[in-house]
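Okay, so here's the structure we're looking at.
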Protein chains: 2
Amino acid sequence: MFIRLPAVQRLSFTTLSVLHTLAGQGPKRLTELASSEQVTQSAITQMVTKLERDGLVERRPDPSDRRAVLVDVTAAGTAIVHGRRADRRAHLAELTGELTPAERATIAAALPALARMSEVNRRLAGEPDVPDRRR
Amino acid sequence: MFIRLPAVQRLSFTTLSVLHTLAGQGPKRLTELASSEQVTQSAITQMVTKLERDGLVERRPDPSDRRAVLVDVTAAGTAIVHGRRADRRAHLAELTGELTPAERATIAAALPALARMSEVNRRLAGEPDVPDRRR
DNA sequence: GAGGAGTGTATAAGAATCTTAATTAAGTTG
DNA sequence: CAACTTAATTAAGATTCTTATACACTCCTC
């Protein structure tokens with residue numbers, strides 16, 4: 001029933017979500033990641049340690065707080081995220097290719113409203129307004 | 001980045017997905033569940049044992065093959081699925097309530113095309129055409 | 001219709017990933 | 001500056017997955 005998104009290249013669901021978050025929103029503290037990913041801060045510490053060992057993210061000191069750590073995605077990590085986005089785009093293109101132009105037009109017309117719904121959702125969930133750095 | 005759907009009432013992602021599948025498509029064999037959930041057959045056997053112990057599903061012999069087991073959702077399991085659907089509907093209603101009638105109309109107009117895309121996706125993935133028993 | 005290959009399920013053992021709890025260090029506040 | 005709070009780490013244990021194996025049944029072929 002559910003669609004199991006990730007598990008690419010032996011990376012777990014949460015791990016891939018962290019990479020996407022970092023690639024889309026820039027460096028984050030471990031505590032920020034823990035709250036956005038809905039796992040404990042301990043789990044994030046352990047995951048980041050593995051990701052760092054694999055060269056997909058790096059830890060940097062936070063200049064504004066010497067207790068804190070900023071996690072950022074590396075070029076290798078970014079490449080994985082971009083590859084996954086390309087795969088998804090290709091897959092969606094394959095599906096929309098089977099639709100009629102009229103059907104595609106109805107979907108395109110709904111996108112602004114869907115984007116607004118997503119914004120409303122983030123606002124109601126009390127999530128901070130983070131711009132998406134995606135290119 | 002990803003949206004972590006389940007984890008309601010201590011039930012895992014895969015567990016809830018199985019309940020939804022059974023509630024939507026009726027009794028299934030363990031092997032069928034394993035392939036639709038994208039986990040090993042062993043994992044499904046273990047999960048169903050726990051779900052059965054919790055009274056959410058039941059095992060029945062498959063009259064057409066004495067090796068096989070048919071798993072069906074119980075009334076208690078169905079109640080969980082229905083409760084989750086109600087929660088989701090309420091949440092979506094809250095979001096669409098923030099849209100203008102015109103925005104809602106564009107989304108409604110896109111639904112047939114989106115349903116078709118989903119069908120195309122199942123077909124390309126080689127999934128059997130299973131009617132949804134959802135009421 | 002007997003033997004062998006294939007299929008469906010179960011179980012055991014181990015790996016991966018999560019949680020809770022305790023620890024250390026740094027910031028905050030009266 | 002003492003007490004409290006916050007950020008991260010580490011250790012220990014729980015959960016849920018995988019791989020490997022076993023066993024029963026089905027199906028096919030000669």
Side-chain angles (χ1 to χ4, degrees), chain A residues 1-22 26-54 56-72 77 80 128, chain B residues 1-22 26-54 56-72 128:
Chain A
M1 188 63 189
F2 294 165
I3 296 172
R4 193 174 293 271
L5 293 160
V8 175
Q9 195 186 327
R10 292 291 183 183
L11 298 175
S12 74
F13 184 93
T14 309
T15 298
L16 284 168
S17 187
V18 164
L19 287 179
H20 278 263
T21 298
L22 293 175
K28 289 208 169 297
R29 290 189 182 178
L30 292 175
T31 36
E32 292 180 290
L33 287 175
S35 96
S36 71
E37 305 302 332
Q38 304 185 60
V39 295
T40 61
Q41 184 265 327
S42 171
I44 294 290
T45 293
Q46 299 172 57
M47 177 197 317
V48 165
T49 299
K50 277 185 201 160
L51 283 174
E52 197 172 29
R53 198 191 49 209
D54 293 346
L56 301 181
V57 305
E58 58 186 12
R59 271 184 242 243
R60 297 200 318 249
D62 183 338
S64 73
D65 187 337
R66 283 191 298 160
R67 294 168 303 178
V69 167
L70 285 178
V71 185
D72 200 0
I80 288 179
Chain B
M1 188 62 189
F2 294 163
I3 296 171
R4 193 175 292 272
L5 294 159
V8 175
Q9 193 184 326
R10 293 291 184 183
L11 298 177
S12 73
F13 183 91
T14 308
T15 298
L16 284 168
S17 186
V18 164
L19 288 179
H20 278 263
T21 298
L22 294 176
K28 288 208 171 297
R29 290 189 181 177
L30 292 176
T31 37
E32 292 180 291
L33 287 174
S35 97
S36 72
E37 304 302 334
Q38 304 186 60
V39 295
T40 60
Q41 174 265 319
S42 172
I44 294 289
T45 293
Q46 298 172 57
M47 178 197 313
V48 165
T49 300
K50 276 185 201 158
L51 283 174
E52 196 172 28
R53 200 191 50 210
D54 293 347
L56 301 180
V57 304
E58 57 187 12
R59 270 186 244 245
R60 295 199 319 250
D62 183 339
S64 74
D65 187 336
R66 282 191 299 161
R67 294 168 301 179
V69 167
L70 285 178
V71 184
D72 200 359

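Computed from a predicted model, the values in this text were never measured in an experiment. Here is the naming used below: chain letters follow the sequence lines, and residue numbers restart at 1 for every chain.
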| dT20(C) base / Gln41(A) side chain donor-acceptor hit below 3.5 Å | no
| task | Assess whether one donor atom and one acceptor atom, taken from the side chain of Arg67(A) and the base of dT6(D), lie less than 3.5 Å apart. | result |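 Answer yes: a donor N or O sits under 3.5 Å from an acceptor.
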Looking at [X], I'd like to know whether one of its side-chain N or O atoms comes within less than 4.0 Å of OP1 or OP2 on [N].
{"X": "Thr45(B)", "N": "dA10(C)", "result": "yes"}
{"X": "Lys50(A)", "N": "dT17(C)", "result": "yes"}
{"X": "Arg66(A)", "N": "dG27(C)", "result": "yes"}
{"X": "Arg10(A)", "N": "dC17(D)", "result": "no"}

Please work out if [X] contacts a base, only the sugar-phosphate, or nothing of the nucleic acid, heavy-atom cut-off 4.0 Å.
{"X": "Thr31(A)", "result": "sugar-phosphate"}
{"X": "Ala68(B)", "result": "sugar-phosphate"}
{"X": "Asp65(A)", "result": "sugar-phosphate"}

Please report the distance, rounded to the nearest Å, between [atom1] in [X] and [atom2] in [N].
{"X": "Glu32(B)", "N": "dT7(C)", "atom1": "CD", "atom2": "C1'", "answer": "13 Å"}
{"X": "Leu16(B)", "N": "dT16(D)", "atom1": "CG", "atom2": "C1'", "answer": "14 Å"}
{"X": "Leu30(A)", "N": "dT6(D)", "atom1": "CG", "atom2": "C1'", "answer": "13 Å"}
{"X": "Leu33(A)", "N": "dT17(C)", "atom1": "CG", "atom2": "C1'", "answer": "17 Å"}
{"X": "Arg29(A)", "N": "dT9(D)", "atom1": "CZ", "atom2": "P", "answer": "13 Å"}
{"X": "Arg60(A)", "N": "dA7(D)", "atom1": "CZ", "atom2": "P", "answer": "18 Å"}
{"X": "Asp62(B)", "N": "dT26(D)", "atom1": "CG", "atom2": "C1'", "answer": "12 Å"}
{"X": "Asp54(B)", "N": "dT15(D)", "atom1": "CG", "atom2": "C1'", "answer": "14 Å"}

Interatomic spacing from [atom1] in [X] to [atom2] in [Y] - rounded to 0.5 Å:
{"X": "Leu19(A)", "Y": "Thr14(A)", "atom1": "CG", "atom2": "OG1", "value": "11.0 Å"}
{"X": "Thr31(B)", "Y": "Gln41(B)", "atom1": "OG1", "atom2": "CD", "value": "7.5 Å"}
{"X": "Leu30(B)", "Y": "Thr45(B)", "atom1": "CG", "atom2": "OG1", "value": "4.5 Å"}

| field | Proximity to the side chain of Gln46(A) - top-ranked nucleotide from dA12(D), dT19(D), dA8(D) | value | dA12(D)
| Looking at the side chain of Thr14(A), which of dC18(C), dA10(C), dA7(D) is the nearest nucleotide? | dC18(C)
| field | The single option from Lys28(A), Arg67(A), Arg29(A) passing salt bridge (Lys or Arg N to Asp or Glu O under 4.0 Å) against Asp62(A) | value |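 Among Lys28(A), Arg67(A), Arg29(A), the one that satisfies the salt bridge (Lys or Arg N to Asp or Glu O under 4.0 Å) with Asp62(A) is Arg29(A).
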| query | Side-chain donor-acceptor pair under 3.5 Å between Ser17(B) and Glu37(B), yes or no? | reply | yes
| request: Nearest-nucleotide wise, let me know which of Leu70(B) and Ser42(A) is further upstream toward the 5' end of DNA chain C. | output: Leu70(B)
